[in-house]
Amino acid sequence: MQENPTKALIELPRSFKVIHFTTVLLFIILLFTGAILYISPLEALVGNRTFVAYLHVASGVMIFVPFGLSLTNLESRPALAGVYKELSRWSPDDGTGLLSVPRKGKRFNGGQKLMANALLGSLMVLLLTGLVMASYIPLSISMRQGATFTHDLVAFLVTALFMGHLFAALAHPRALRSVFRLR
């Protein structure tokens, strides 16, 4: 897919880029620590399961911190509110081409909006099921098994979404470079 080099990219606010990178870093930590906890041979290589589990739970709780801090930043709140508002609104032409170029004056296409909302919902499910798994609250075995099953299933789906997002970003180097510019 060729990019049109003459088409201007709409820049995202700097604070949004910082939130994105911080969330990505925490997500990568979650991905690797989750793989270590899930795949026994990897766990044997690392050796310290308790530390890995603690790092996984701490990163899972902290993944919502960048978003929360963005709401307290008075300087960038109006710009971020515009980004969040655009991500949460679905227009008729968003559904016609999920992978199409965003409409003139818009930052996101339908696929990007769908991805952002699916990830946010999935991360909430992962947080809740992860807290059930990590807590010492007396719950029935069936509740813990259900939380574990749901956590694993959603984690696999989110990993697939993340990999798709990564490949899409690599396929659009010009847009990727604009995300890395912290202006």
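Numbers here simply count residues along the sequence, with the first being 1.
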Seminar exercise, completed: All heavy atoms of Leu126 vs all of Ala155, minimum pair found to be CD2-N, 3.7 Å
Exercise. Is Thr129 close to Val154 at the side-chain level, that is, under 4.5 Å between some pair of heavy atoms?
Worked result: no
Seminar exercise, completed: d(Ser59 OG, Tyr54 OH) to nearest 0.5 Å is 9.5 Å
Exercise. Do Leu42 and Val46 belong together in a cluster built from hydrophobic side chains that touch within less than 4.5 Å?
Worked result: yes
Problem set entry | Heavy-atom side-chain proximity of His165 to Leu161 below 4.5 angstrom | no
For this session: Hey, could you give me the CG/CG distance between Leu157 and Leu119, rounded to the nearest 0.5 Å?
Result: 11.0 Å
Problem set entry | Spatial distance of atom CD1 (Ile39) from atom CG (Leu45) [nearest 0.5 Å] | 10.5 Å
Exercise. Donor-acceptor pair, Lys113 side chain versus Arg89 backbone, under 3.5 Å?
Worked result: yes
Exercise. Which pairs with one or both residues in residues 33-52 pass ring-ring contact (aromatic ring centres under 6.0 Å, His included), sequence neighbours excluded?
Worked result: Tyr38-Phe156
Exercise. Is it the case that one hydrophobic cluster holds both Met133 and Val158, taking links as side-chain heavy atoms less than 4.5 Å apart, direct or via other members?
Worked result: no
For this session: Determine whether Leu31 and Ile29 fall in the same hydrophobic cluster, where Ile, Leu, Val, Met, Phe, Trp and Tyr are linked whenever their side-chain heavy atoms lie under 4.5 Å apart.
Result: no
Output a table of donor-acceptor pairs, distance under 3.5 Å, between side-chain atoms of residues 60-69 and any protein atom two or more places apart or on a different chain; print 'none' if there are none.
none

Exercise. Hey, what's the ring geometry for Phe27 with Phe162, parallel, tilted or perpendicular (30° and 60° as the breaks)?
Worked result: tilted
For this session: First locate atom CG of Leu127, then atom CE of Met124, and finally report the distance between them rounded to the nearest 0.5 Å.
Result: 9.0 Å
Problem set entry | Common cluster, Leu120/Met163, ILVMFWY with side-chain heavy-atom separation under 4.5 Å | yes
Listing, residues 137-148 side-chain donor-acceptor contacts under 3.5 Å, not counting sequence neighbours, or none:
from, atom 1, to, atom 2, distance (Å)
Ser140, OG, Ser142, OG, 3.2
Ser140, OG, Met143, N, 3.3
Arg144, NH1, Val132, O, 2.8
Arg144, NH2, Ser135, O, 3.1
Arg144, NH2, Ile137, O, 2.8
Thr148, OG1, Arg144, O, 2.8

Exercise. Under 4.5 Å between any side-chain heavy atoms of Glu43 and Val52, yes or no?
Worked result: no
Problem set entry | Point-to-point distance, once rounded to the nearest 0.5 Å, from OG1 of Thr159 to CG of Leu166 | 12.0 Å
Exercise. What is the distance from atom OG1 of Thr33 to atom CD1 of Ile28, rounded to the nearest 0.5 Å?
Worked result: 11.5 Å
For this session: Treat each ILVMFWY residue as a node, draw an edge where side-chain heavy atoms are under 4.5 Å apart, and state whether Val57 and Ile36 are in one component.
Result: no
